[in-house]
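The structure under discussion appears below in the form of structure tokens.
This structure is a prediction, so every number in the text was calculated from the model and none was measured.
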Amino acid sequence: MTARGAKRLRAELTSLRASGANAERTAELERLLQSVQVVDLPDAPSSSVTFGATVTLDANGETETYTVVGVDELDLARDAVSWISPLGKALLAAELGDRIMLEDGRSAKIVKIE
């Protein structure tokens, strides 16, 4: 899990504990946060896509942005893509300037990695 994902889940847990609401979700978050492994993002920009990276693609003139995250973070960011999904795997195997195949069959070029 990315550090920002873990931070969001900790904030949700703190809020739930303070309100005393949703004991089931509180227990779920406690279990998850006890077992999660936080992956630090690289300090310097990389030409390779890594876990936690935000990747901008050019798909025939249309710009699309994705952030490669863990499965427990998918609902925390609008542009999140799981590292184990077909798109996530394609991104993680790619570098700046590479072309990848999107799930809808379009080809896209990686134009930016953050």
Spacing of [X] atom [atom1] and [Y] atom [atom2] [to the nearest 0.5 Å]:
| X | Y | atom1 | atom2 | answer |
| --- | --- | --- | --- | --- |
| Leu91 | Ser85 | CG | OG | 7.5 Å |
| Glu24 | Leu29 | CD | CG | 11.0 Å |
| Lys109 | Leu57 | NZ | CG | 11.5 Å |
| Met1 | Arg8 | CE | CZ | 10.5 Å |
| Arg10 | Leu32 | CZ | CG | 10.0 Å |
| Met101 | Leu87 | CE | CG | 12.0 Å |

Ignoring hydrogens, what is the shortest heavy-atom contact between [X] and [Y]? Give both atom names and the distance.
| X | Y | result |
| --- | --- | --- |
| Ala6 | Val38 | CB-CG2, 3.8 Å |
| Ala21 | Thr26 | O-OG1, 3.6 Å |
| Ala90 | Ile100 | O-CG2, 3.9 Å |
| Ala53 | Ile113 | CB-CG2, 4.1 Å |

Please tell me whether [X] and [Y] are part of a single hydrophobic cluster in this structure, the criterion being side-chain heavy atoms less than 4.5 Å apart.
| X | Y | answer |
| --- | --- | --- |
| Val81 | Val69 | no |
| Leu74 | Val68 | no |
| Val71 | Val55 | yes |

### Task
Apply side-chain contact (heavy atoms from CB on, under 4.5 Å) to Glu95 and Ile110, showing your working.
CA-CA 7 Å; Glu95 296 186 353; Ile110 297 175; over 6 Å; no
### Message
Would the distance check show the side chain of Thr2 and the main-chain N or O of Gly5 forming a donor-acceptor pair, the cut-off being under 3.5 Å?
### Response
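Here the side-chain-to-backbone pair exists.
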### Task
Spell out, as yes or no, whether a donor-acceptor pair under 3.5 Å connects the side chain of Arg4 to the backbone of Gly52.
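Such a contact is found between Arg4 side chain and Gly52 backbone.
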#### Entry: Criterion salt bridge (charged side-chain N to carboxylate O under 4.0 Å, His left out) on Glu28 and Arg25, from CA distance to verdict
CA-CA 5 Å; Glu28 177 186 356; Arg25 177 67 176 157; 3.2 Å; yes
### Query
Does CD belonging to Gln37 count more than 12 external heavy atoms closer than 6.0 Å?
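Counting neighbours around CD of Gln37, 12 or fewer heavy atoms of other residues, nucleotides or ligands fall under 6.0 Å, so no.
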### Task
Name all pairs fulfilling the salt bridge (Lys or Arg N to Asp or Glu O under 4.0 Å) condition that reach into residues 71-82, sequence neighbours left out, sorted by first residue then second.
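Passing the test, one end in residues 71-82: no pairs.
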